[in-house]
Participant: 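There's a structure below that I have some questions on.
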Amino acid sequence: MGAGEAVRTTCAYCGVGCGILATRTGDRAIEVRGDPDHPANFGRLCSKGTHLGETVGLEGRLLHPMIGRRRAGWDKALDLVARRFRDTIANFGPDSVAFYVSGQLLTEDYYVANKLMKGFIGSANIDTNSRLCMSSAVAGHIRAFGEDVVPASYDDLDAADLVVLVGSNTAWCHPIVYQRIMAARAARGTKLVVIDPRRTETCEDADLHLAIRPGCDVALMNGLLAFCRREGALDAAFLQEHVTVPADFWEAIEAESDLWTVAKTCDVPVSDLQRFYALFAATPRTVTLFSQGINQALRGTDQVNAILNLHLATGRIGKPGAAPFSITGQPNAMGGREVGGLASTLAAHMDFADDNVARVGRFWSAPRMANKPGLKAVDLFRAVGEGKIKALWVMATNPAVSMPDAGRVREALSGCPFVVVSDVIADTDTSRFAHVRLPATGWAEKDGTVTNSERRVSRQRGMLPPPGEARPDWWIVTEVARHMGWGSAFAYTCAADVYREHARLSAYQNGGARLFDLGHHAAIGNAAYDEMVPFRWGRDPFGGDHALESRLTARLVTVRQAKLPEPLRDWPFTLNTGRYRDQWHTMTRTGLSPKLARHREEPLAEINPRDAERLGIANYDIVRVETPQGASLFRALLTASQRHGDLFTPIHWTDRQSTGGRTGLLPRSLTDPHSGQPGFKSTPARIEKVAVEWRAFLIVRGEAPRFPGCLWSSRITVPGGTLYELAGMGDATALEHSLPSGEWIEAADIARGTRRIAVVANGRMAAVLFITQSGELPGRDWLIAQLQAPGVAPSLLAAREPGARPDRGPIICVCFDVGLNTIVSAVKEQRLADVAEIGKALGAGTNCGSCRPALGRIVAEQASILARSRVNV
Ligand SMILES: Nc1nc2c(c(=O)[nH]1)N[C@H]1C(S)=C(S)[C@@H](COP(=O)(O)OP(=O)(O)OC[C@H]3O[C@@H](n4cnc5c(=O)[nH]c(N)nc54)[C@H](O)[C@@H]3O)O[C@H]1N2
Ligand SMILES: Nc1nc2c(c(=O)[nH]1)N[C@H]1C(S)=C(S)[C@@H](COP(=O)(O)OP(=O)(O)OC[C@H]3O[C@@H](n4cnc5c(=O)[nH]c(N)nc54)[C@H](O)[C@@H]3O)O[C@H]1N2
Ligand code: SF4
Ligand SMILES: [Mo]
């Protein structure tokens, strides 16, 4: 692909599945903009998508197959992998090996991995990180619809009069969906209700936020259904025609369903509850969109069915603007479900029923079909730990960080006789345990398809040549299969070969039994595959917008609110975990972007100020969050957006960036009984302040070596170098060993225990180290900019230009680099009344729009300060 031509592709990150126009601008450089013709985003991109170009360099990439620490040729590496898997299977049987794969693989990659394990190795021990993500939704759909079908599209959001967001921080995690909801609000006054124990930025523009007690969603939804029944808002005709109702269903719904009981269970005001219920009952065009607050729970599947029940019984499904909408997290979580890449499914929306096993076996000409479900992620790693799984292949996921009780997972990995990791990055917390590392091509280099949240299949297209010896994941799996002796069944030469077979299997002896059917692509040519335009399955083949939904037959599932456990004496808090706006999971890629790093620079433990005060914790203190599984350090953030007794920590930080922030060590490995999905959102925990004697930061060109003995060190990439935030006990002078060589400029303030050192080399700033015991540290921005300044500013140790404008504060808008202080003073001085006016004045919020909820909050805060000061006058 030559420079200058824009390539149509799909964003590498979330399940919104935005279309991108990418133009190659250099050897390893691409420019990214939204594809105006893609029906998921119509040209918009969020901050992560906008900055994808910053992640396509070669920094940190795995470029060659590695056996241990040594580089090896592909043949040798493939031989070794094939031999070890073959020997293990020969000695201990097919169930002694496993694959752990990912919703970040392309459908073609996923298909061949699933085929190799389930049809040729003869085990179903292939599970995926989607188990941690979507499996409760999958189980809920199967219970209600008999098949894993998401009966919703983004068009429904445009057409809804009410959108209910349950357990979803949409503004941060699915920003373009959020912007679509905002656009619908502006265009047609769509009402917005958010149900989340935390007051997230998603709540900023909502009509109502219900900060329910965690784990009470069934009570809330059952109460709503009872209310609808009382108000005559059920759809009797729809129920009659399409839905089976179990005998005990209404009895369970009516139990403890009066407003007061529900309000008490959920710990929300009765008046708010009543408002929500009345709004829902009066609004036929309602979409309930849900995500991890629902799925990642010990009763996740029941919570999903409580939502599906509500929409089925009130007929809010299969019509424009009315749907229950399970939104997916990863870019190809849906594609993985379609190929059947979960241990509990077989292939192409078939389960392990005998006739399905026989059918798929025929289609694959499989020598050894798996005939029962395999181990689900948590059980799979437990089996690794118990020595039952003796060879494991991990692809495109980082379980040493992202599994619950990750300390145990690390122990399991370190004891496993043979671990293979395929990744784009050389050094991850998981790949440290690998005997063999295989270099995969990354987002800008690979070809295939992905399916987004609304069942829309889009092409991902490569535009950069594979670096080093990196190869597509489907190729790697295919080669291992060939080396294991199954060459003819894995004779693919390109991604299109795999896609055609996948499409054929979906249609094979289907006859309308399975809604998932790509039969129209069974013979798609290579050229047509290359030119494929995004399409939704289940729609285009039948014609009409809701053709698939109208074919649904469904059943209601009796679900009851589980009794919540009393808080434990030693573990009085409930730990909730989740995401930040500008980071993606374990940061292997977003961590490379200086712009994205600025939104949240350190891993924070968010806590209600009253709880913090009781424990003597102040803002920005270092705290230890501990659970029976493990402990990790965080920076405290006091915020009224947390309920009393709840904590929140982010999932992103790993050994590579920080000594703390290791959220993965904390959750229990308890799972939902139907789906096997872990309950990541509610772990009994405690929190305490950790004393530190000094705090410091280091800004350095390139990177610094590690900081031994330092209690807290957390790093982010900045333009031209790295920023480290540091804290510790005892003597801080050891930090000076981390400074590069050069000439020192130094200042000290004995009273505050403050030292400031700048290192100058070759006429430029090479590093600055600021240490303090009791004083304040200055803003980092100006100093960071000095890394790229042509000369040395005389005022380095003052940390600002002489007479310069004040510190602009934490970055709110990463696209235009606009800080909080700049925005606040512009709002005050120029009397900016809304987000649009801020955009006109400062540019902030006018590109990707991810910061618009934050801007809205700033305007509202300033307005209320102004109003209060008027009252006081
Ligand atoms: N920026 C960014 N975006 C992402 C990702 C990322 O890493 N970074 N990852 C992607 C992936 S894979 C996923 S799965 C999605 C996840 O997207 P989301 O599900 O939106 O994200 P989370 O932050 O995990 O959790 C959502 C919310 O659930 C709430 N919650 C916790 N307990 C309960 C409860 O009992 N009831 C209710 N109603 N709510 C509760 C939490 O407070 C939290 O705000 O995001 C995708 N998008
Ligand atoms: N406590 C807690 N834990 C959680 C969650 C939570 O909310 N709370 N959420 C869970 C959820 S929903 C998810 S989805 C998981 C995500 O957790 P992970 O899947 O572990 O996170 P990632 O960092 O996305 O890992 C993807 C890996 O694949 C690599 N990679 C990227 N592209 C490719 C490719 O094309 N090929 C190959 N071979 N490798 C590639 C990346 O470098 C990276 O190492 O975390 C789960 N863990
Ligand atoms: S919303 Fe953002 S991260 Fe998600 S697909 Fe679109 S641009 Fe990518
Ligand atoms: Mo996810």
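Whatever order the structure lists ligands and atoms in, that order sets their numbers, starting from 1. Count residues from 1 along the sequence.
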Participant: Can you list the ligand 2 atoms lying under 4.0 Å from a non-hydrogen atom of I425?
Facilitator: 42 (O)

Participant: In ligand 2, which numbered atoms sit nearer than 4.0 Å to a non-hydrogen atom of K681?
Facilitator: 7 (O)

Participant: Heavy atom of W443 under 4.0 Å from ligand 2?
Facilitator: no

Participant: Looking only at side chains, do D582 and S47 share a donor and an acceptor under 3.5 Å apart?
Facilitator: yes

Participant: First locate atom CD of E479, then atom CG of L438, and finally report the distance between them rounded to the nearest 0.5 Å.
Facilitator: 11.5 Å

Participant: Which ligand 2 atoms, with their elements, are less than 4.0 angstrom from a heavy-atom of N129?
Facilitator: 19 (O)

Participant: With a 4.5 Å limit on heavy-atom distance, are the side chains of R131 and L342 in contact?
Facilitator: yes

Participant: Using a 4.0 Å heavy-atom cut-off, which part of I651 comes near ligand 2: side chain, backbone, both, or neither?
Facilitator: side chain

Participant: N/O to N/O below 3.5 Å, does that happen between Q330 and ligand 2?
Facilitator: no

Participant: Parallel, tilted or perpendicular, judged at 30° and 60°: which one describes the rings of F85 and F418?
Facilitator: perpendicular

Participant: Under 3.5 Å, is there a donor-acceptor pair between the T128 and Y110 side chains?
Facilitator: yes

Participant: Nearest heavy-atom pair of S632 and G661: which atoms, and what distance?
Facilitator: OG-N, 3.3 Å

Participant: Which ligand 2 atoms does T586 reach within 4.0 Å, using its non-hydrogen atoms?
Facilitator: 21 (O), 22 (P), 23 (O)

Participant: R579: heavy atom below 4.0 Å from ligand 2, yes or no?
Facilitator: yes

Participant: Assess R686 against F573: is NZ or CZ under 6.0 Å from the centre of the six-membered ring, and within 45 degrees of the ring's axis?
Facilitator: no

Participant: Under a 4.0 Å heavy-atom limit, does A396 contact ligand 2 with its side chain, its backbone, both, or neither?
Facilitator: both

Participant: R589: heavy atom below 4.0 Å from ligand 2, yes or no?
Facilitator: yes

Participant: With heavy atoms of K446 as the reference, note each atom of ligand 2 found under 4.0 Å away.
Facilitator: 34 (C), 35 (O), 36 (N)

Participant: Starting from atom 42 (O) of ligand 2, which protein heavy atom do you reach first, and at what distance in Å?
Facilitator: D423 OD1, 2.7 Å

Participant: For ligand 3, what is the set of protein residues having any non-hydrogen atom at a distance below 4.0 Å?
Facilitator: C11, Y13, C14, V16, G17, C18, L45, C46, K48, G49, P175, I176

Participant: Among all protein non-hydrogen atoms, which one is nearest to atom 16 (C) of ligand 2, and what is the separation to 0.1 Å?
Facilitator: H585 ND1, 3.4 Å

Participant: Can you tell me which residue and heavy atom of the protein come closest to atom 5 (C) of ligand 2, and the distance to 0.1 Å?
Facilitator: Q296 NE2, 3.5 Å

Participant: Hey, is S102 one of the residues with a heavy atom under 4.0 angstrom from ligand 2?
Facilitator: no

Participant: Quiz question: by atom type and distance under 3.5 Å, do the side chains of S136 and D672 form a donor-acceptor pair?
Facilitator: no

Participant: Going by atom types alone, do S168 and T170 pair a side-chain donor with an acceptor below 3.5 Å?
Facilitator: yes

Participant: Give a yes or no on whether the backbone of C494 and the side-chain of W474 come within a donor-acceptor separation of less than 3.5 Å.
Facilitator: no

Participant: How close do M395 and S102 get, heavy atom to heavy atom, and via which atoms?
Facilitator: O-CB, 3.3 Å

Participant: Does R180 count as lying over the ring of Y154, i.e. NZ or CZ under 6.0 Å from the six-ring centre, within 45 degrees of the axis?
Facilitator: no

Participant: Taking the basic N atoms (NZ, or NE/NH1/NH2) and the acidic carboxylate oxygens, is any pair closer than 4.0 Å for R456 and E454?
Facilitator: yes

Participant: Nearest protein heavy atom to atom 20 (O) of ligand 2, by residue and atom, and its distance?
Facilitator: S402 OG, 2.6 Å

Participant: Could you go through E606 and R600, starting from their C-alpha distance and side-chain angles, then the distance that decides it, and tell me whether this counts as salt bridge (Lys or Arg N to Asp or Glu O under 4.0 Å)?
Facilitator: CA-CA 13 Å; E606 295 177 43; R600 288 275 169 103; 3.3 Å; yes

Participant: Which atoms of ligand 2 have any heavy atom of Q292 under 4.0 Å away?
Facilitator: 12 (S)

Participant: With distance as the sole criterion, is a donor-acceptor pair present between the side chains of T574 and S682 under 3.5 Å?
Facilitator: no

Participant: Between M403 and ligand 2, which residue portion shows a heavy-atom distance shorter than 4.0 Å: side chain, backbone, both, or neither?
Facilitator: neither

Participant: Taking only non-hydrogen atoms of P667, do any sit less than 4.0 angstrom from ligand 2?
Facilitator: yes

Participant: Do other residues, nucleotides or ligands put more than 12 heavy atoms under 6.0 Å from the CZ atom of R408?
Facilitator: no

Participant: Which residue holds the protein heavy atom closest to atom 3 (N) of ligand 2, what is that atom called, and what is the gap in Å?
Facilitator: F680 CE2, 3.2 Å

Participant: Show the atoms of ligand 2 that are less than 4.0 angstrom away from any heavy atom in W584.
Facilitator: 24 (O)

Participant: Check R410 with D655, please: is the shortest side-chain N to carboxylate O separation under 4.0 Å?
Facilitator: yes

Participant: Tell me whether T441 reaches ligand 2 (any heavy atom closer than 4.0 angstrom to a ligand atom).
Facilitator: yes

Participant: Under 3.5 Å, is there a donor-acceptor pair linking the side chains of T671 and Q677?
Facilitator: no

Participant: Which protein non-hydrogen atom lies closest to atom 24 (O) of ligand 2, naming both residue and atom, and how far is it?
Facilitator: Q104 NE2, 2.7 Å

Participant: Counting non-hydrogen protein atoms only, what is the nearest one to atom 33 (C) of ligand 2? Give residue, atom name and distance.
Facilitator: V424 CG1, 3.7 Å

Participant: Provide, to 0.1 Å, the distance between atom 8 (N) of ligand 2 and the closest protein heavy atom, together with that atom's residue and name.
Facilitator: T577 OG1, 2.8 Å

Participant: Quickly, which of V420, V112, L78 forms a side chain to side chain contact (heavy atoms under 4.5 Å, CB included) with V480? Name it, please.
Facilitator: L78

Participant: Select one of side chain, backbone, both or neither to describe which atoms of D473 lie under 4.0 Å from any atom of ligand 2, heavy atoms only.
Facilitator: side chain

Participant: Return the minimal non-hydrogen interatomic distance between G845 and R852, and the atom names on each side.
Facilitator: O-NH1, 2.6 Å

Participant: Which of the numbered atoms in ligand 2 are under 4.0 angstrom from any heavy atom belonging to A440?
Facilitator: 36 (N), 37 (C), 38 (N)

Participant: Between T663 and ligand 2, find which residue part has any heavy-atom pair under 4.0 Å and reply side chain, backbone, both or neither.
Facilitator: side chain

Participant: Could you tell me whether T588 approaches ligand 2 through its side chain, its backbone, both or neither, with non-hydrogen atoms closer than 4.0 Å?
Facilitator: side chain

